[in-house]
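Chain A is the first sequence line, chain B the second, and so forth, proteins listed ahead of strands; every chain is numbered from 1. Please read all numbers here as calculations on a predicted model, not as lab measurements.
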Protein chains: 2
Amino acid sequence: MSDARNTDHKSGRVRSHIERLIDDGLQPHDKLPTERQFADELGVSRMTVRHALNALEEERRVYRVHGSGTFVAEPTIDKTIRLTSFTEDMIERGMKPSTRVVDVGTEFAGAAVGSKLSLSPAAEIARIRRVRLADGAPVCLETVHLDASRVHGLLDRELTGSLYDLLASRYGTVVSRAEQRIGATVLEPADAELLDVAAFSAALVVERRTIDQHQRPVEFTRSLYRADRYSFLIDIER
Amino acid sequence: MSDARNTDHKSGRVRSHIERLIDDGLQPHDKLPTERQFADELGVSRMTVRHALNALEEERRVYRVHGSGTFVAEPTIDKTIRLTSFTEDMIERGMKPSTRVVDVGTEFAGAAVGSKLSLSPAAEIARIRRVRLADGAPVCLETVHLDASRVHGLLDRELTGSLYDLLASRYGTVVSRAEQRIGATVLEPADAELLDVAAFSAALVVERRTIDQHQRPVEFTRSLYRADRYSFLIDIER
DNA sequence: CAGTGGTCTAGACCACTAT
DNA sequence: TAGTGGTCTAGACCACTGT
């Protein structure tokens, strides 16, 4: 729980201290010390304590009741959906990820992909099709589209690992956020075979547009997930 | 854009002022005035300006670059997924929502539903099955499970409107957040008929557990959405 | 280097909850 | 009414970005 980042600032240290308190025996709905008590005890201002508690509240470790106090939250059933790579995602789910490259190539962006990547329809696109596996069984068939002019030589590299890592280390492109559309479909026979399921089985369709640190679109990816092996968990609030 | 809530506090007024600035002609990636300029101009402290900007940053109206400035963000493709009722959701998508109640009744919770609602498997459950329509066409078949002891008389009421409104006005239960699992399936013939599509069509399966203001589970609902009429948009960040 | 956002202080008063 | 979190002030210094 204690990030290295937590020690960079006072609020991070306050945060770590409160997390330790929670982990060391407090139960859900137990009352935490007041903000003023934390401030006195730790020798910081109340605003700094509030900053730490705001972060913990956002992550659902605590909840507040105005006029009453701050309390330990119930653990959520599962983690909120986050922007993780397939690799990280599978490791977190306790499975061993691997990848098989189906084919790669370049092509014109076309209207649909071009608009998603803010490129001309005539722009050159690098396309990568991969099957992602968990514990050796196919889970997902993904087709990645990238602006070819921004990833020279990418298609000649080893593409079985995390694409995000490659983009960051080789091309200085850091992913900051993504917009996803999640829908459902039934699998065409050819796609079903790649995923090792019967034709016309149910699948989740995920279309993802990834944005980098400069607010520019990086990739547009369409993924088909086997419905029997995958679902999304989302935590939303009013 | 200008909520009534925005005028309750200074930071809300600051927020409205900045939103108006953005809407009145600023383009994405245009630089906003500095935090200190806003503070001087509006006669508030810089912390108050930061509070307003934090909220706008969280909603992706602006983004900050440390050492450089605060900028207008690009409009996102679509709204982030939020905890809205079907009714609100459809109105926002520009469609007219309606509801047809298929059947209602009471039953034992059983292991699966009981655990989702933190109830004994022998507890009494109120079950409501409804088809939700948009512009007259079926979109979703939902089965709601509620702790019967907390919603006396609910099943005798008019159930074609927003259940959340009914829970709030009649039972003092305010929904604060929800955990959702999104998967895919193909429709059984009986369900397909209720949704007016061919048997074995693709559908999204959404299992939702709603939590109230006291962190107690309120409802557990399983919904089947027609894949040809519905998808989820999600904005995620690193 | 000047200017920006990021963090922090030591107070103050308000709004809400319990008793 | 006492105690809590919510908001706000008027400063200060730090970390980072540009020129």
- Task: Establish, with yes or no, whether the OP1 or OP2 oxygen of dT9(C) is under 4.0 angstrom from a side-chain nitrogen or oxygen of Lys10(A).
- Result: yes
- Query: OP1 or OP2 of dG3(C) less than 4.0 angstrom from a side-chain nitrogen or oxygen of Thr34(B), does that happen here?
  - Reply: no
- Task: For each nucleotide in nucleotides 14-19 of chain C, reading 5' to 3', give B when a protein heavy atom comes within less than 4.0 Å of its base, S when such contact involves only the sugar-phosphate, and - otherwise.
- Result: -BBB--
- Quick one: do Asp23(A) and Arg61(A) make a salt bridge, cutoff under 4.0 Å? yes
- Query: Can a salt bridge be assigned to the pair Arg208(A) and Glu219(A) using a cut-off of 4.0 Å between side-chain N and carboxylate O?
  - Reply: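 Looking at Glu219(A) together with Arg208(A), the answer is yes, because their closest N to O distance falls below 4.0 Å.
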- Quick one: do Tyr171(A) and Arg150(A) satisfy side-chain contact (heavy atoms from CB on, under 4.5 Å)? Show the steps, please. CA-CA 8 Å; Tyr171(A) 302 95; Arg150(A) 285 180 57 192; over 6 Å; no
- Item | Any side-chain donor near an acceptor of the partner, Thr221(B) and Glu142(B), under 3.5 Å |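 Side chains of Thr221(B) and Glu142(B): no pair found under 3.5 Å.
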- Message: Just by distance, no angles: are the side chains of Asn54(A) and Arg64(A) close enough, under 3.5 Å, to form a donor-acceptor pair?
- Response: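 Their side chains do contain a donor-acceptor pair, which is all the 3.5 Å distance test asks for.
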- Query: Does Tyr230(B) have any ring pair (Phe, Tyr, Trp, His ring centres under 6.0 Å) partners at least two apart in sequence or in another chain, and if so, which?
  - Reply: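 Per chain and number, Tyr230(B) pairs via ring pair (Phe, Tyr, Trp, His ring centres under 6.0 Å) with Tyr225(B), Phe232(B).
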Measure the distance from [atom1] on [X] to [atom2] on [N] and round it to the nearest whole Å.
X	N	atom1	atom2	value
Tyr63(B)	dG6(C)	OH	P	14 Å
Ile18(A)	dG5(D)	CD1	P	11 Å
Leu32(A)	dT4(D)	CG	P	13 Å

- Nucleic acid contacts - residues 42-56 of chain B versus DNA chain C, non-hydrogen atoms under 4.0 Å: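 Heavy-atom cutoff 4.0 Å gives Arg46(B), Met47(B), Arg50(B).
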- Message: Does atom CZ (Arg157(B)) have a neighbourhood of more than 12 heavy atoms from anything else shown, all under 6.0 Å?
- Response: yes
- Task: Please test Leu53(B) against Glu57(B) for side-chain contact (heavy atoms from CB on, under 4.5 Å), starting from the C-alpha separation and ending with a verdict.
- Result: CA-CA 6 Å; Leu53(B) 284 172; Glu57(B) 186 180 36; 6.0 Å; no
